[in-house]
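Numbered from 1 within each chain, the chains take letters A, B, ... in sequence-line order. Computed from a predicted model, the values in this text were never measured in an experiment.
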2 protein chains.
Amino acid sequence: MAVTRSDVARAAGVSPAVVSYVLNNGPRPVAIGTRERVLAAIEQLGYRPNAIASALRGGSTQTIGLLTPNRSNPFYGALAEAIERSLTEQGYLTLTASTYGNRSSEERLLRTFVDRKADGLIITSGVSLSGAPLADVEQPVLVLEERVGNTLSTVSMDDERDAAGAVDHLQVHGHDLIGCIVGPPYVSTDGLRLAGWRDQQHRTGRPAGDGLVAFADAGEEGGYQAAGLLLSEHGRPWAVYGRRPTALFVASDVQAFGALHACWELGLRVPDDVAVVSVGGTRAARFTIPPLTTMRQDVEYLARIACARLLQDIREPGTPPTHVRLTGNLVVGRTCGCTP
Amino acid sequence: MAVTRSDVARAAGVSPAVVSYVLNNGPRPVAIGTRERVLAAIEQLGYRPNAIASALRGGSTQTIGLLTPNRSNPFYGALAEAIERSLTEQGYLTLTASTYGNRSSEERLLRTFVDRKADGLIITSGVSLSGAPLADVEQPVLVLEERVGNTLSTVSMDDERDAAGAVDHLQVHGHDLIGCIVGPPYVSTDGLRLAGWRDQQHRTGRPAGDGLVAFADAGEEGGYQAAGLLLSEHGRPWAVYGRRPTALFVASDVQAFGALHACWELGLRVPDDVAVVSVGGTRAARFTIPPLTTMRQDVEYLARIACARLLQDIREPGTPPTHVRLTGNLVVGRTCGCTP
DNA sequence: TTGAAAGCGCTAACAA
DNA sequence: TTGTTAGCGCTTTCAA
């Protein structure tokens with residue numbers, strides 16, 4: 001069996017409580033000589049405190065539960081990496097789980113986090129969890145997505161505005177007929193980006209009909225399929241407009257990778273035949289051929305303030321919820337028509 | 001405060017022990033009527049067992065610690081996703097942490113996992129942790145990398161052979177002067193892939209000198225830089241061979257993405273001017289322009305047998321360590337010279 | 001079939 | 001400044 005605190009106490013000739021005081025630097029002072037003896041005993045026995053016992057006794061678990069749609073999408077990968085890093089720096093460990101868009105998984109995993117007494121929870125965008133199951137959660141929850149009537153703190157990207165900005169940039173390049181590739185609209189991020197495209201087109205008197213929208217799965221394959229649909233001569237959903245879209249707004253980088261591939265396969269030059277702009281700004285977007293113009297959402301910054309907010313909520317519970325909304329910035333590549 | 005088992009017992013008019021028997025289906029039988037009452041009380045009070053207390057008392061934490069180099073590389077992303085999914089299916093939660101190649105982080109994080117009483121640990125390739133700190137770990141550890149003299153179970157890809165296979169394919173296409181882009185050789189995966197390239201070149205009487213090797217950071221940028229170095233007219237490390245390499249072996253997909261980008265920038269056509277083959281087989285590799293030929297390492301399968309092995313070790317401790325080594329299979333794209 | 005109770009390793013209040 | 005001790009919520013043995 002492992003070395004316990006009592007073993008250390010015995011070896012150091014003190015009571016178990018003193019060992020705790022030394023380890024936790026309090027809540028009471030320990031004579032310098034005693035402290036030395038305790039530390040020596042700890043060292044010698046190779047004692048490591050049992051985090052489970054400590055957590056049970058009343059302390060915290062120093063654990064945060066992180067719920068993301070998946071782990072393999074570079075956007076969520078980068079986001080989760082940034083969050084995990086922030087938390088690690090603050091001495092927290094991250095329990096991660098992926099929902100794969102499955103509502104019942106989401107609830108189950110959330111419950112599990114709660115049962116494990118995670119000190120706090122972070123729920124990223126793309127997790128379709130409605131507010132209901134979150135209501136009876138005792139620990140602080142931070143949602144990386146804006147929701148109507150949300151009573152929890154949120155830190156989110158302004159997806160609608162970011163999408164509109166991306167579309168605007170295509171319009172500046174003279175495009176009117178701009179297709180839209182987007183994930184299922186019931187995922188709030190995708191719904192907002194779709195709305196951003198539609199509003200921006202409407203507002204500027206440009207077409208925004210269903211023939212220009214292709215719903216796609218989240219991966220490269222989804223973007224590939226959708227671009228094929230919007231651009232090829234077969235389906236011709238754009239027939240009502242009399243011509244093919246000259247540009248594509250793509251709701252995520254990864255889908256844009258697939259879309260670029262589709263263009264290449266179809267022999268369409270980017271940006272000459274089809275311009276492409278997406279939302280995301282992942283690192284990989286700088287290395288596509290040609291490099292992708294994308295509305296960059298700064299996940300590092302997002303993660304940093306999100307974690308700061310959550311840990312603040314943990315330290316001082318009862319703070320009223322805040323809602324922070326961040327705006328992306330356009331990273332100009334070579335898929336939009338800009339020349340270097 | 002939350003509802004505890006005693007509350008349930010009181011509400012159901014039974015002793016706390018009986019509640020446990022019902023919840024755990026044992027270790028002793030409960031009269032059917034009593035069981036009903038207990039379940040009703042649980043339902044009505046919304047009781048949820050405290051996993052921390054359960055873990056302390058002697059059960060397990062149902063938690064596995066997963067150590068990866070990072071979260072944003074698609075290879076590790078997919079691997080971690082597959083592992084996490086396998087574990088979730090088996091009722092385990094995953095504690096994740098990234099090492100970023102930092103040796104002291106590795107040790108610290110490992111300790112933390114141990115202190116948290118994770119039921120088992122998985123350490124992926126690319127984590128440079130030597131065997132030493134793992135020796136005194138009580139719980140089962142599974143390493144996704146082969147190591148000399150390792151007393152732990154391993155499930156690994158045969159990186160050396162996979163690399164050699166990739167290089168062989170380039171040779172089949174008639175290439176002799178094949179450059180090698182690889183990460184730092186002290187990372188065992190990279191060391192093995194470098195060795196695979198070198199041996200395959202040597203064995204077939206082809207050049208394998210230092211002028212053909214470029215060490216690169218792990219990301220796209222690393223591959224981009226390295227390819228620039230190996231292919232441009234500036235550095236000319238290949239000068240000793242009198243001509244530029246006609247092909248590149250790249251140790252990872254992500255680096256290959258960068259390398260393809262460099263080729264594009266330099267105006268080199270792939271595969272006509274430069275052929276490229278990498279090791280990895282990530283999903284994204286199918287969508288590069290042109291699609292990447294890559295030695296696919298099946299992370300899904302790797303994860304599945306790794307998790308099965310680890311959980312087996314947890315259920316029946318003391319099983320002698322096993323070493324499984326998997327071989328990749330070439331996914332032919334359009335960067336090697338094969339025609340569809 | 002069930003109740004009572006010991007104890008997992010720790011924190012912190014209470015005594016000394 | 002330090003020792004003693006009561007739990008945290010649970011599992012499981014021992015008695016009934």
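Rounded to an integer number of Å, the gap from B/R57 CZ to C/dC10 P is 16 Å. The distance between atom CG of B/D115 and atom P of C/dG9, rounded to the nearest whole Å, is 14 Å. D/dT12 atom C1' lies 14 Å from atom CG of B/L56, rounded to whole Å. Rounded to whole angstrom, the span from the CG atom of A/N24 across to the P atom of D/dT2 amounts to 16 Å. As a whole-Å value, the separation of B/D7 CG from D/dC8 C1' is 14 Å. One can place CZ of B/R37 at 14 Å from P of C/dT1, the figure rounded to the nearest angstrom. As a whole-Å value, the separation of B/R10 CZ from C/dG3 P is 14 Å. Protein atom CG of B/N50 is 7 Å distant from nucleotide atom P of D/dG9, rounded to whole Å.
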Check against salt bridge (Lys or Arg N to Asp or Glu O under 4.0 Å), B/R85 and B/E81: CA-CA 6 Å; B/R85 182 147 17 94; B/E81 176 166 311; 3.5 Å; yes

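Along DNA chain C, the nucleotide nearest to A/A53 and the one nearest to B/V18 differ in position, and the one closer to the 5' end is contacted by B/V18. Both B/I52 and A/R35 lie near DNA chain D, and the one whose nearest nucleotide falls closer to the 5' end is A/R35.
Backbone-only contact: A/A31 has heavy atoms under 4.0 Å from sugar-phosphate atoms and none from a base. Across all strands shown, A/P49 has heavy atoms under 4.0 Å from sugar-phosphate atoms exclusively, and none from any base.
Formation of a donor-acceptor pair under 3.5 Å by the A/S54 side chain with backbone atoms of A/N50 is not found in this model.
Nearest nucleotide to the A/Y21 side chain, out of C/dA4, D/dT1, D/dG3: D/dG3. For A/S54, whose side chain is taken as the heavy atoms from C-beta onward, the closest listed nucleotide among C/dG3, C/dC10, D/dT4 is C/dC10.
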Show the atom names and distances, to 0.1 Å, of all donor-acceptor pairs under 3.5 Å that link a side chain in residues 31-42 of chain B to residues at least two apart or in another chain.
unit_1: B/R35; atom_1: NH2; unit_2: B/N25; atom_2: OD1; d: 2.9
unit_1: B/R37; atom_1: NE; unit_2: B/A12; atom_2: O; d: 3.0
unit_1: B/R37; atom_1: NH2; unit_2: B/A12; atom_2: O; d: 3.4

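Taking the charged nitrogens against the carboxylate oxygens, A/R111 and A/E107 have no contact shorter than 4.0 Å, which rules out a salt bridge.
Taking 4.0 angstrom as the limit, A/S20 places none of its side-chain polar atoms (N or O) nearer than this to OP1 or OP2 of C/dA12.
The minimum heavy-atom distance between A/Y76 and A/N70, with the atom names listed, is CB-O, 3.8 Å.
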